[in-house]
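Down below is the structure, laid out as structure tokens.
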Amino acid sequence: MVHQQRSGGRLSRTGDTRDTDDMSRLLAPRLAYFAGVARTEHVTRAAQEMEVPQSTLSRAMVRLEEDLGVDLFARHGRTVSLTPAGRAFLTSVERALAEIERAADEVRADADPATGKVAFGFLHTMGAETVPGLLHAFRADHPRIRFSLVQNYGEAMLEGLRAGELDLCLTSPVPDAPDLVARRLDEQKLRLVVPADHRLAGRRRIRLAEAADETFVTLEPGYGLRRITDDLCAQAGFRPRIAFEGEEAETLRGLVAAGLGVALLPPPPFPRPGVVELTVMAPRAAREIGVAWLAGHPDTPPVAAFKKFLLSKRGTLLPT
């Protein structure tokens, strides 16, 4: 099929990304006008339906054809009909407009105060008990708000905030960055976890320096708990010998139960056989848990409601 082409078309066909951007800026404002005229095949009637001046609509169609360098309409007095190029163009325009409408419906739905969505990130250690309890309590007053949940380590969640993939996250340590807002919510004590047959298993309390000669299993570098472990060991006067590095606290607890080392971990959601958990007297072994969000980022109503709820849990977020 050969389309009638106008001379002096303005759009470059080099395929350069900048040319594509220029094309989008030129065409986008006039696509809905084009679809309306194509549907009615009458400029006056289309102008009435879209509540725009007829002169504005006529100029927009002429400019659209000039920008494309192709005749989209055949004029017949006050009526118009689509050329073959116009019919081909209409198919893609209707598909694009439908996708825009779908996207608009989606973002409106996500922002709805009663049924909107919150993208919420949290540490793996918060997933078994803390976060389910929070969501259950929040949904008592907001039963239809939806959640997109992400479990990850702290730095990854902060990057998720910056990328717009998360609205809020529970993390540790509490971040201190100019582009983020963070609020401390609670503190969680850490314990030295040893195998049940370990030489220290009969103790209830320990100074961390007493584990200086032990082999440790830890989370990988980049995890907040790994950084805290390294800092606490440094305060106790030693650098831990690392045998295994993992991505999840309960996996580490299993490695300890298998006799592969000791670990500094938060309390488990449920007691784990094969290990003994010792209170660390010195240095003070604890981690702060906080909620963070992107500074200057406006909240939708559901996000604002959940943020207010989380902040109300300051000091009571974790089980005692």
Side-chain angles (χ1 to χ4, degrees), residues 1 3 9-13 15 17-75 78-120 142-150 160-168 294 296-306:
M1 181 181 295
H3 295 157
R10 300 179 181 178
L11 296 180
S12 169
R13 303 185 185 278
T17 302
R18 289 171 298 179
D19 295 330
T20 302
D21 292 342
D22 290 342
M23 185 183 296
S24 298
R25 284 194 293 270
L26 284 169
L27 301 185
R30 295 187 284 274
L31 296 185
Y33 287 171
F34 166 74
V37 175
R39 182 179 63 253
T40 61
E41 296 189 330
H42 199 288
V43 176
T44 302
R45 193 176 306 131
Q48 292 171 345
E49 289 184 2
M50 290 186 283
E51 299 182 345
V52 296
Q54 179 179 332
S55 58
T56 298
L57 194 57
S58 295
R59 284 195 300 270
M61 293 303 94
V62 170
R63 183 66 181 275
L64 177 62
E65 290 177 313
E66 290 176 349
D67 288 337
L68 286 171
V70 175
D71 288 320
L72 301 174
F73 297 102
R75 273 77 177 176
R78 295 183 178 181
T79 63
V80 297
S81 61
L82 287 169
T83 65
R87 284 194 294 273
F89 190 54
L90 178 62
T91 299
S92 295
V93 167
E94 289 180 331
R95 188 162 54 242
L97 292 175
E99 180 63 19
I100 291 170
E101 183 62 27
R102 184 204 63 77
D105 289 343
E106 185 175 292
V107 296
R108 283 195 295 261
D110 287 350
D112 185 275
T115 62
K117 185 173 73 173
V118 180
F120 180 45
H142 304 83
R144 294 192 293 160
I145 285 182
R146 297 167 290 126
F147 283 84
S148 173
L149 302 177
V150 175
L161 292 177
R162 294 182 173 108
E165 297 166 356
L166 293 176
D167 298 309
L168 302 163
L294 193 63
H297 187 73
D299 293 332
T300 62
V303 172
F306 190 57

_Residue pairs fulfilling ring-ring contact (aromatic ring centres under 6.0 Å, His included) with at least one residue in residues 40-68, sequence neighbours excluded_ = none
_Minimum heavy-atom separation for Tyr33 and Met61, please, with both atom names._
CB-CE, 3.6 Å
*Distance (rounded to the nearest 0.5 Å) between Arg63 CZ and Leu68 CG*: 11.5 Å
*asked:* I'd like to check the side chain to side chain donor-acceptor pair (under 3.5 Å) partners of Glu106; sequence neighbours left out, ordered by chain and number.
replied: Arg102
*Would you call Asp112 and Arg108 a salt bridge, using N to O less than 4.0 angstrom?*
no
_Lys/Arg N to Asp/Glu carboxylate O, Arg146 vs Asp110, below 4.0 Å_ = yes
*Which atom names give the shortest non-hydrogen contact between Leu90 and Ala35, and what distance separates them?*
CD1-CA, 4.1 Å
*Out of curiosity, Met50 CE to Thr56 OG1, how far, rounded to the nearest 0.5 Å?*
10.5 Å
*Sequence neighbours excluded, every pair satisfying ring-ring contact (aromatic ring centres under 6.0 Å, His included) that has a member inside residues 49-70*: none
*Do NZ/NE/NH1/NH2 and the carboxylate oxygens of Glu65 and Arg75 come within less than 4.0 Å?*
yes
*Considering all heavy atoms of both residues, which atom of Pro302 and which atom of Pro113 are nearest to each other, and what is their separation?*
CD-CA, 4.2 Å
*Taking all non-hydrogen atoms of both residues into account, name the closest pair between Leu166 and Phe120 and its distance.*
CD2-C, 4.0 Å
_By side chain to side chain donor-acceptor pair (under 3.5 Å) - contacts of Glu41 (at least two apart)_ = none
*Considering all heavy atoms of both residues, which atom of Gly36 and which atom of Ala46 are nearest to each other, and what is their separation?*
O-CB, 3.8 Å
*Close side-chain approach of Leu168 and Phe306, heavy atoms under 4.5 Å*: yes
*Between the side chain of Ser58 and the main-chain N/O of Gln54, is any donor-acceptor distance below 3.5 Å?*
yes
*asked:* Measuring from atom CZ of Arg39 to atom CD of Glu94, what distance do you get when rounded to the nearest 0.5 angstrom?
replied: 8.5 Å
*asked:* Show me the pairs that pass ring-ring contact (aromatic ring centres under 6.0 Å, His included) and involve residues 84-118, at least two apart or across chains.
replied: Phe34-Phe89
*Can you name the side chain to side chain donor-acceptor pair (under 3.5 Å) partners of Arg59, sequence neighbours left out?*
none
*Report the distance from atom CG of Leu82 to atom CZ of Phe73, rounding to the nearest 0.5 Å.*
5.5 Å
*How about Asp167 and Asp299: do any of their side-chain heavy atoms sit closer than 4.5 Å?*
no
*Mind checking the CD1-CG spacing from Ile100 to Leu31? Nearest 0.5 Å is all I need.*
7.0 Å
*Taking all non-hydrogen atoms of both residues into account, name the closest pair between Ala32 and Leu97 and its distance.*
CA-CD1, 4.0 Å
